[in-house]
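Read the structure below first, then the notes.
A note on names: the letters A, B, ... follow the listed sequences, proteins ahead of strands, and every chain is numbered from 1. From a predicted model like this one, the values you see are computed outputs, not experimental measurements. Both backbone and side-chain heavy atoms feed into the values below; hydrogens, waters and symmetry mates do not.
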Amino acid sequence: MAAQGAIASRGGLRSALPLLAPAYLWLTVAIFLPLSAMVFFSFMTELPLSGKPWAFTLGNYAAFFSQGLYLTLLLASLRLGLEVTLWCILIGYPAAYVLAKVLKGRSREAIFLLVILPFWSNGLVRIFSWAMVLREGGILDTALNAVLPFKINIDLMYSYPAVIIGLVHSYVPYMVLTCYLTLQAIDDSLIEAGRSLGASRLQVLKRVIIPLSMPGLVAGAALIFVPVVGSFMEPRILGGRTGTFYGTVIEDQFVAVFNWPLGAALSFILLAVVLVILALAAPVLRRAA
Amino acid sequence: MAGVQVSNVSRSFGAHKALDDVSIDFADGGFYALLGPSGSGKTTLLRQIAGFDFPDSGRISIGGESVERVPVEKRRIGMVFQNYALFPNMSVADNVAFGLSVRGEAKAVIATEVQRALDLVQLGKLGGRRPHQLSGGQRQRVALARAIVTKPRVLLLDEPLGALDKALRVDMQIELKRIQREIGITTIFVTHDQEEALTMSDRIGILRDGRLVQEGPPEEIYDRPKSEFAATFLGDANIFRGDTTGNGIRLPDGTAIAAGAGAKLAAGAKASCAVRPERIRIATDAGAPDTANANMLKGQVSKRIFAGNNSTYFVERAGQTLKVIVQNTGADRLAEGQDVVLRWSPESTVLIAAG
């Protein structure tokens, strides 16, 4: 970034302005203004739109610290984000490797399409179709009992695993895509060089391929971790009563309780925590990459 | 160290025969060049020897041990790639250490061996650098150090000098040859550059369309090519085509061209004669009969290219353009359009059977 700033001399910036302006104007209108309104709300006692008298307060932020529940839920959400990210790496990285290094031509395009497909389906449809698969007497339960000689009861619905399954399904394409891009950029001759020096495929993977694809893993992890920590749809539908997380609580403040100031405050605390985590992780990840 | 035997190796990719019944014996400690145009199968052959790809049929042995189904990591070979293939995430020293460390050698042993290898390629002080901080020639040396530090049985080089500029390439040719002599390793070297093949190798194998066209020491292939392709691919050659007269040919216009002693083909068949441009003498008149240079043709200079130490004359003769290279001795130069007489000896003429 610093290098780019140095290149963009004053004259260069002026000529670039017509190109930059539309995007930044849009960002200002679409994100900055509503977000600043939210920052404003988070310091209020009541929503001004409700007509009740209101005043400035720090109470909404204080609520987070005075009630242990919010911290517990935030930790649960962070753990959820971590677990979903790990599953996405375990499932997405091997797929990205095969796409980038094993498959060629037509078969690669076909498999790629299957990876992208979840993006094209509606999020709610995705989640409710999982509900049909996971519930007792659902598709998974029926299918397993049809095959297995003994009776088992599969009822994953309204459980923590169901939330994980739904979230991993939604977010694994991000990991596949980011890892595919970095893996594809690794020259095949590096793999051959490693093997010619006596390294097994596993050693080449560990010492050459994974370190070189680290930027893709990091980008994918960031793209997945951040939204999963704040997610509410999958936890609510697939998790039921067990699916109470930080994100669902924020959603409740906006949708059910109409306590926008508290919801906004909780959101900004989450944003701060996520930024702190990313900032702390940055040096470690940069060294790894 | 070990010799390499390739026996009747064939390899097809779909309908394309990349290697067609190739047999070569690579002597222990020798420097062998595989020369050929692109698509001739030379890289495919190198990859079979390395173990990146397995032959459809035939045998490959390294040091007498059959390896045609042994994967690359178990063959104990060293390879230098065309683009060097240095690991960008590691320092120069770690690159060189890679082969030793995957084998689980002790740290102290690795450090000593890596330093020795880097010293050998004259990069002893650059171990801490990253590959992207090195010049092309330096990367080349690191790739070489990395390939030889594990003491492989064979060193395989895939067009290793192709990405370097001319001056650096000549330096690296000498350097590569010195290192190869110093460690005495069997070296197989793929190139499409005939000059590189001539100056560096003890033996050359010329490949074309997946077949071995000719094989032998550089002098032998240059002086006695067995085919028009070998004659024109390795060096320049003037080719005359006609009917054999037993130890020479008769051109369609009746001119006879005599080949050296020992050349024998059944009279009457189609054949050709090859003559190197530097073997031909050029003069403005026939002069006295010259029994040593019995072959004589008349022609006209159509073009002259001056290259400092020599000049190339293009001589038109009966619809054919002949090339003559003359050393710059300071004597009078011939003008374009000048009528000339060309003479050369039968010993400089190679008789090649048609086909």
Side-chain angles (χ1 to χ4, degrees), chain A residues 2-4 89 93 96-98 100-108 178-221 281-289, chain B residues 13 43 46-47 49-53 70-91 94-105 110 113-114 117 130-131 139 142-160 163:
Chain A
Q4 281 169 7
I89 290 173
Y93 191 82
Y97 183 83
V98 171
K101 292 286 168 217
V102 182
L103 298 177
K104 301 267 181 276
R106 269 287 161 81
S107 51
R108 176 192 282 182
T178 55
C179 289
Y180 170 79
L181 289 176
T182 48
L183 282 166
Q184 208 199 19
I186 299 173
D187 197 323
D188 286 349
S189 68
L190 292 182
I191 300 170
E192 294 189 336
R195 293 185 61 210
S196 77
L197 291 164
S200 66
R201 286 168 193 274
L202 200 67
Q203 282 173 315
V204 173
L205 182 74
K206 231 165 63 186
R207 289 170 170 241
V208 180
I209 299 172
I210 290 180
L212 286 177
S213 52
M214 203 44 98
L217 277 166
V218 170
V284 183
L285 295 173
R286 202 175 304 131
R287 208 175 315 130
Chain B
F13 299 105
T43 297
L46 196 76
R47 294 176 65 81
I49 297 168
F52 292 124
D53 189 38
V70 176
V72 53
E73 58 267 29
K74 301 232 169 76
R75 284 199 192 182
R76 292 202 284 127
I77 54 121
M79 181 140 175
V80 175
F81 294 79
Q82 191 169 9
N83 61 358
Y84 318 134
L86 299 180
F87 306 125
N89 55 319
M90 299 179 200
S91 69
D94 288 344
N95 262 280
V96 179
F98 187 88
L100 297 169
S101 102
V102 293
R103 264 193 226 167
E105 295 278 357
I110 294 178
E113 291 296 320
V114 166
R130 290 266 167 165
R139 284 181 212 182
V142 175
L144 186 61
R146 185 178 68 174
I148 59 180
V149 76
T150 56
K151 303 200 165 56
R153 299 186 288 183
V154 194
L155 179 60
L156 306 173
L157 308 162
D158 186 7
E159 306 229 9

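For A/S213, the side-chain hydrogen bond (donor to acceptor under 3.5 Å, both in side chains) partners are A/Y93, not counting sequence neighbours. Legend: residues meeting side-chain hydrogen bond (donor to acceptor under 3.5 Å, both in side chains) with B/R139, ordered by chain and number and at least two apart, are absent.
Legend: salt bridge (charged side-chain N to carboxylate O under 4.0 Å, His left out) pairs involving residues 75-87 of chain B, not counting sequence neighbours: none detected.
Cation-pi contact between A/R207 and B/F87: absent, since separation from the ring centre below 6.0 Å together with deviation from the ring axis within 45° is not met.
Within residues 188-197 of chain A, the residues having any heavy atom less than 4.5 Å from a heavy atom of chain B are, in residue-number order, A/S189, A/L190, A/E192, A/A193, A/G194, A/R195, A/S196, A/L197.
In this structure, chain A has a heavy atom under 4.5 Å from the side chain of B/N83, while its backbone stays farther away. In this structure, no portion of B/L100 lies under 4.5 Å from any heavy atom of chain A.
Counting heavy atoms of neighbouring residues, nucleotides and ligands inside a 6.0 Å radius, atom CZ of B/R103 exceeds 12 of them.
Contact count versus chain A (heavy atoms, under 4.5 Å) is highest, among B/K74, B/R47, B/M90, for B/R47. Put simply, of B/A50, B/S101, B/A143, B/G51, the one with the most heavy-atom pairs under 4.5 Å next to chain A is B/S101.
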